[in-house]
**Student:** 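The following block contains the structure, expressed as structure tokens.
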Amino acid sequence: MSQNALARQLEMSLANIQKIEYGKAKSIPLDTLEKICLALDCEIGDLLVIVERGK
């Protein structure tokens, strides 16, 4: 699914979808994660990864 199609389906801006995809979003509300999972037919764990910060 394209970013544009996902943005339209979720009624979000393309810029917000891009921030999420590129890891630039400071936070993502749980209801937004749920909507993305429903749109992409996936689980939240399929979208998130743990990133270690510099020590």
Side-chain angles (χ1 to χ4, degrees):
M1 176 180 295
S2 72
Q3 291 176 341
N4 279 317
L6 184 61
R8 281 192 302 273
Q9 185 171 338
L10 299 181
E11 298 180 347
M12 293 178 64
S13 71
L14 176 59
N16 281 339
I17 295 297
Q18 289 172 332
K19 284 180 186 177
I20 292 169
E21 183 172 349
Y22 301 136
K24 303 292 183 188
K26 296 195 186 273
S27 65
I28 306 170
L30 290 177
D31 63 321
T32 299
L33 285 174
E34 180 182 24
K35 290 177 186 177
I36 292 170
C37 287
L38 290 172
L40 300 178
D41 191 28
C42 67
E43 298 293 324
I44 289 177
D46 297 326
L47 303 176
L48 302 178
V49 296
I50 296 174
V51 177
E52 288 189 40
R53 296 187 183 246
K55 296 179 181 181

**Student:** Answer yes if Val49 and Leu40 sit in the same cluster of Ile, Leu, Val, Met, Phe, Trp and Tyr residues linked by side chain heavy atoms under 4.5 Å apart, and no otherwise.
**Tutor:** no

**Student:** Which heavy atom of Ile44 sits nearest a heavy atom of Cys37, and at what distance?
**Tutor:** N-SG, 3.4 Å

**Student:** Working to the nearest 0.5 Å, report the span between NZ of Lys19 and CE of Met12.
**Tutor:** 10.0 Å

**Student:** Take atom CG of Asp41 as the centre, draw a 6.0 Å sphere, and report whether it contains more than 12 heavy atoms from other residues, nucleotides or ligands.
**Tutor:** no

**Student:** Do Leu47 and Ile20 pass the side-chain contact (heavy atoms from CB on, under 4.5 Å) test, and can you show the C-alpha distance, the side-chain angles, and the key distance before you say yes or no?
**Tutor:** CA-CA 10 Å; Leu47 303 176; Ile20 292 169; over 6 Å; no

**Student:** Donor-acceptor check, side chain of Asn16 to backbone of Ser13, threshold 3.5 angstrom: yes or no?
**Tutor:** no

**Student:** Any side-chain heavy-atom pair from Met1 and Gln9 closer than 4.5 angstrom?
**Tutor:** yes

**Student:** Give the intermediate values and the outcome of side-chain contact (heavy atoms from CB on, under 4.5 Å) for residues Leu14 and Leu6.
**Tutor:** CA-CA 8 Å; Leu14 176 59; Leu6 184 61; over 6 Å; no

**Student:** Is Leu30 atom CG crowded by more than 12 heavy atoms from other residues, nucleotides or ligands, each under 6.0 Å away?
**Tutor:** no

